[in-house]
K.L.:
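Okay, handing you the structure first.
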Amino acid sequence: MKTVIIGPGAMGCLYAFLLTRAGYETWLLDCREDRAERIRAQGLKIEGLSGDYQLPFPRISAFPHVIAKADLLILFVKAYNTATALESARELVTANTIILTLQNGIGNVEAIREAYPHHAIVAGTTAQGATLLGCGHIRHAGMGETIIGGIDANSLFHAKLIKDLFMSAYIPTEMTEDVKGILWGKLLINCAINPLTAIMRVPNGQLPKIPDLCEIMSRAVEEGAAIARSAGITLPYSDQVAKVMEVCEATAGNRSSMLQDIEAGRKTEINYLNGALVRYGKETGVAAPVNSFLTHLVQALETGSSAVH
Ligand code: PAF
């Protein structure tokens, strides 16, 4: 299966590395030509949980026609870039291309459906953690399950194909019949971990050690759980707060994607995480003051660092 990953950030590079190491033809599509050229020249450099590798990586381009058609398109761009990334990939997509999103946040599936109404769409979450150390250089800092499912009955078969591909590349993967529940479960994890790591500038593993932060995380998650309930979504974990703590431990050494964004002066995904929860809460009549406060704080951090896309 020829796979094209859009977005050579930490997670894009990690999956490109894991699939390539397993022998699968895997490409990266980058919106920046200078970065694509650098990675093509230097290769991918990986350290951490998967071992230390310097992998030649010629299969990266900013030009879709160089890559040609994709059997599987994986989106690993920031949620606010999903629509643009999908547009840039049009030349790669045939009637049979499967589109997979493993991005953080809410709204990506809807954006894919709008751009490609008739394609097989698979969505899910990953508890893999990676930190971008430089261009094409990552630390594999957290190992956890990838959970995927078809967004409708027609894409179940495609989800199974992806599961088999990932498993044979040593990416532990499970399937779910309730993608929405899984996406919301991960949303709540991100709403607890990401803003606080960005505000405090600490890796994930520090959060459970600080009781005041545990209190804020619990409240953010409880608000989210109430909103999920009122929106008719079944959350996948019986104790969502305990799950957050478990993810903090499993990815203890990782700097969350939001912390990495703030440190790099990039715009964050706050409006697709806590900001999205607040908007849902307004629609369903459930207040989310802690999530609203966290949203404002992170937006203030972005303003302070003049964050750019
Ligand atoms: O956004 C992230 O960084 C990740 O989703 C997670 C699971 C919080 C690990 O750092």
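Atoms within each ligand, like the ligands themselves, are counted from 1 in listed order.
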K.L.:
Backbone or side chain, does any N or O of T126 fall under 3.5 Å from an N or O of ligand 1?
P.N.:
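Min N/O separation from ligand 1 is not below 3.5 Å for T126.
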K.L.:
Only heavy atoms of S256, strictly under 4.0 Å: list the atoms of ligand 1 that pass.
P.N.:
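Listed by number with element, the hits are 3 (O), 10 (O).
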K.L.:
What protein heavy atom sits nearest atom 6 (C) of ligand 1, and how far away is it?
P.N.:
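Protein heavy atom with the smallest distance to atom 6 (C) of ligand 1: N190 ND2, 4.1 Å.
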K.L.:
Check ligand 1 against K186 and write out every atom of the ligand that is under 4.0 Å from a heavy-atom position of the residue.
P.N.:
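Taking each heavy atom of K186 in turn, ligand 1 has 5 (O), 7 (C) under 4.0 Å.
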K.L.:
Which word best sums up how the rings of Y80 and Y272 line up, parallel for under 30°, tilted for 30 to 60°, or perpendicular for over 60°?
P.N.:
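Geometry flag for Y272 against Y80: tilted rings.
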K.L.:
Can you confirm, on distance only, whether ligand 1 has an N/O atom lying under 3.5 Å from any N/O atom belonging to T251?
P.N.:
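By distance alone, the answer is no.
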K.L.:
Are a donor atom and an acceptor atom from the side chains of S230 and Y280 found within less than 3.5 Å of each other?
P.N.:
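Absent: no donor and acceptor within the cut-off.
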K.L.:
Decide whether T101 and Q103 meet the rule of one side-chain donor and one side-chain acceptor closer than 3.5 Å.
P.N.:
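Indeed, the side chains of T101 and Q103 share at least one donor-acceptor pair under 3.5 Å.
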K.L.:
Would Q260 count as a contact of ligand 1 if the rule is a heavy atom under 4.0 Å away?
P.N.:
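Outside the 4.0 Å threshold, so no.
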K.L.:
Below 3.5 angstrom, do we get any N/O pair linking N254 and ligand 1?
P.N.:
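Yes; the residue has a nitrogen or oxygen that sits under 3.5 Å from a nitrogen or oxygen of the ligand.
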K.L.:
Would F57 and F17 count as a close aromatic pair, with their ring centres under 6.0 Å?
P.N.:
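Not under 6.0 Å, so no.
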K.L.:
I need the atoms of ligand 1 closer than 4.0 Å to a non-hydrogen atom of N194, numbered in the order shown.
P.N.:
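With N194 as reference, the close atoms of ligand 1 come out as 1 (O), 2 (C), 8 (C).
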K.L.:
Answer side chain, backbone, both or neither: which part of M258 comes under 4.0 Å from ligand 1, heavy atoms only.
P.N.:
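Looking at M258 and ligand 1, no heavy atom falls under 4.0 Å.
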K.L.:
With no hydrogens and no angle check, just 3.5 Å: does a side-chain donor-acceptor pair link T126 and Y15?
P.N.:
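Result is yes, a qualifying pair exists.
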K.L.:
Check whether the side chains of T295 and S292 place a donor and an acceptor atom closer than 3.5 Å, and report yes or no.
P.N.:
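No.
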K.L.:
Under the salt bridge (charged side-chain N to carboxylate O under 4.0 Å, His left out) criterion, do R279 and E283 qualify, and how do the steps go?
P.N.:
CA-CA 6 Å; R279 286 194 300 278; E283 276 169 28; over 6 Å; no
K.L.:
Hey, can you tell me if Y116 and H119 have their rings parallel, tilted or perpendicular (30° and 60° cut-offs)?
P.N.:
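The arrangement is perpendicular - the two ring planes meet at more than 60°.
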K.L.:
When you measure from atom 1 (O) of ligand 1 to every protein heavy atom, which one gives the shortest distance, and what is it?
P.N.:
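For atom 1 (O) of ligand 1, the nearest protein heavy atom comes out as S257 OG, 2.6 Å.
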K.L.:
Write out the residue and atom name of the closest protein heavy atom to atom 9 (C) of ligand 1, then the distance separating them to 0.1 Å.
P.N.:
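Its nearest protein heavy-atom neighbour is N204 ND2, 3.4 Å.
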